[in-house]
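Remarks on the structure that follows.
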Amino acid sequence: MASPLKYRLAQIIILVTGYWLLVTPGYAQSSKYIRVAIMQDVSSVRLKIDGSYEVSDLGAAKILCRGRNLTTTVTVSKSSILLGNARANTDRIQVKTDGSSLIDIDSRIFRGEMQFIKDKNNKLLIINYLELEDYIKGIA
């Protein structure tokens, strides 16, 4: 049988934890992100962004380029991903916008962020990272 002190201590821990979960705004309002593979086994796509953007090397965690209004192609070579004629010496890049700009890939419009991943067969896998609410807006 548990002692009254242990029982009381367990009650206090439960109450404190419950209170902390209720008053922590980040916990209650955290957004849910999903990943959606939008294309795979493609060699090249056309990428267009009207607005601010940033392209990052996910392997090295560094920014490759940033700017406004991008129109280019994304292709793969044996050793890297090509953004137009610029070689990104990596097999994973991420494209982010300012949040209000949309990403156009081969005339399909997407919200959120994109990852372009070179697979072992030298083809692209393209994954869209976005909030669940934005995904539901796009399919409704």
Side-chain angles (χ1 to χ4, degrees):
M1 182 171 191
S3 72
L5 182 60
K6 286 183 182 178
Y7 181 75
R8 181 53 99 189
L9 184 60
Q11 283 180 324
I12 291 170
I13 290 172
I14 290 170
L15 286 172
V16 169
T17 303
Y19 177 76
W20 179 77
L21 291 175
L22 286 174
V23 298
T24 305
Y27 179 82
Q29 298 176 6
S30 67
S31 57
K32 306 267 190 250
Y33 282 85
I34 63 169
R35 301 178 302 184
V36 180
I38 60 165
M39 291 183 182
Q40 62 185 21
D41 295 325
V42 294
S43 299
S44 177
V45 294
R46 186 183 62 76
L47 171 65
K48 182 178 180 191
I49 300 171
D50 292 327
S52 298
Y53 68 89
E54 180 178 280
V55 180
S56 302
D57 174 347
L58 288 175
K62 68 178 182 176
I63 297 170
L64 299 172
C65 62
R66 61 170 55 126
R68 289 192 54 79
N69 303 331
L70 176 68
T71 300
T72 190
T73 57
V74 180
T75 56
V76 291
S77 70
K78 285 189 177 189
S79 62
S80 62
I81 295 176
L82 299 170
L83 206 59
N85 293 327
R87 181 177 306 275
N89 291 320
T90 183
D91 59 355
R92 297 173 67 98
I93 63 171
Q94 180 177 42
V95 176
K96 291 183 180 182
T97 67
D98 60 6
S100 63
S101 301
L102 301 174
I103 300 173
D104 178 328
I105 298 177
D106 285 346
S107 299
R108 292 175 57 197
I109 305 298
F110 299 94
R111 299 180 196 285
E113 303 170 2
M114 291 292 173
Q115 283 191 8
F116 295 82
I117 302 166
K118 181 179 80 70
D119 67 16
K120 63 183 178 196
N121 298 319
N122 292 322
K123 299 287 185 178
L124 283 173
L125 168 63
I126 305 170
I127 300 175
N128 185 203
Y129 285 81
L130 72 163
E131 289 188 39
L132 181 59
E133 288 183 23
D134 287 336
Y135 177 73
I136 291 170
K137 287 178 195 173
I139 61 172

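Along the sequence shown, the residues carry numbers beginning at 1. Here the structure is a predicted model, which means the values were calculated and not measured. Values below: every heavy atom of this structure, side chains too, minus hydrogens, waters and symmetry copies.
Atom OG of Ser43 sits about 9.0 Å away from atom CG of Asn122, to the nearest 0.5 Å. Distance check: Asn69 CG to Lys48 NZ gives 8.5 Å after rounding to the nearest 0.5 Å. The distance from atom CD of Glu131 to atom CD1 of Ile34, rounded to the nearest 0.5 Å, is 10.0 Å. The line from CG of Asp91 to OG of Ser77 is 10.5 Å long, rounded to the nearest 0.5 Å. Atom OG of Ser52 and atom CZ of Arg66 lie 10.0 Å apart (nearest 0.5 Å). Atom-to-atom distance recorded for Leu124:CG and Ile81:CD1 is 6.0 Å, nearest 0.5 angstrom.
When only modelled atom types and interatomic distance are considered, Arg111 and Thr97 share no side-chain donor-acceptor pair under 3.5 Å. Arg46 and Thr73 are not linked by any side-chain donor-acceptor pair at a separation below 3.5 angstrom, with hydrogens and angles left out of the test.
Membership of the apolar cluster around Ile127 extends to Ile117, Leu125, Tyr129, as traced through chained side-chain contacts below 4.5 Å between ILVMFWY residues.
Checked by atom type and distance alone, the side chain of Asn128 pairs as donor or acceptor with a backbone atom of Glu113 at under 3.5 Å.
Closest of all the heavy-atom pairs between Lys118 and Lys78 is NZ-O, 3.3 Å. The shortest non-hydrogen separation linking Ser101 to Gly51 is OG-CA, 3.4 Å. For Asp106 against Ser44, the heavy-atom pair with the smallest separation is OD2-O, 4.3 Å.
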Q | Working for side chain to side chain contact (heavy atoms under 4.5 Å, CB included), residues Thr90 and Leu58 | A | CA-CA 8 Å; Thr90 183; Leu58 288 175; 5.9 Å; no
Q: Go through the steps for Asp119 and Gln40 under the test side chain to side chain contact (heavy atoms under 4.5 Å, CB included), then give the verdict.
A: CA-CA 9 Å; Asp119 67 16; Gln40 62 185 21; over 6 Å; no
**Q.** Worked verdict on Arg108 versus Met39 for side chain to side chain contact (heavy atoms under 4.5 Å, CB included)
**A.** CA-CA 11 Å; Arg108 292 175 57 197; Met39 291 183 182; 4.0 Å; yes
Q | Ile105 and Phe116: CA distance, side-chain angles, deciding distance, side chain to side chain contact (heavy atoms under 4.5 Å, CB included) verdict | A | CA-CA 11 Å; Ile105 298 177; Phe116 295 82; 3.9 Å; yes
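The hydrophobic clustering, which links ILVMFWY residues whose side-chain heavy atoms are closer than 4.5 Å, places Phe110 and Leu132 together. In the hydrophobic cluster analysis, where Ile, Leu, Val, Met, Phe, Trp and Tyr join through side-chain heavy atoms closer than 4.5 angstrom, Val95 is grouped together with Val36. Each of Leu82 and Tyr53 belongs to its own hydrophobic cluster when Ile, Leu, Val, Met, Phe, Trp and Tyr are linked at side-chain heavy-atom distances under 4.5 angstrom. Under a hydrophobic-cluster definition in which Ile, Leu, Val, Met, Phe, Trp and Tyr are linked whenever side-chain heavy atoms come within less than 4.5 Å, directly or via other members, Leu47 and Ile63 are assigned to different clusters.
Under the side-chain contact (heavy atoms from CB on, under 4.5 Å) criterion, Lys62 pairs with Asp57, Ala60, Leu64, not counting sequence neighbours.
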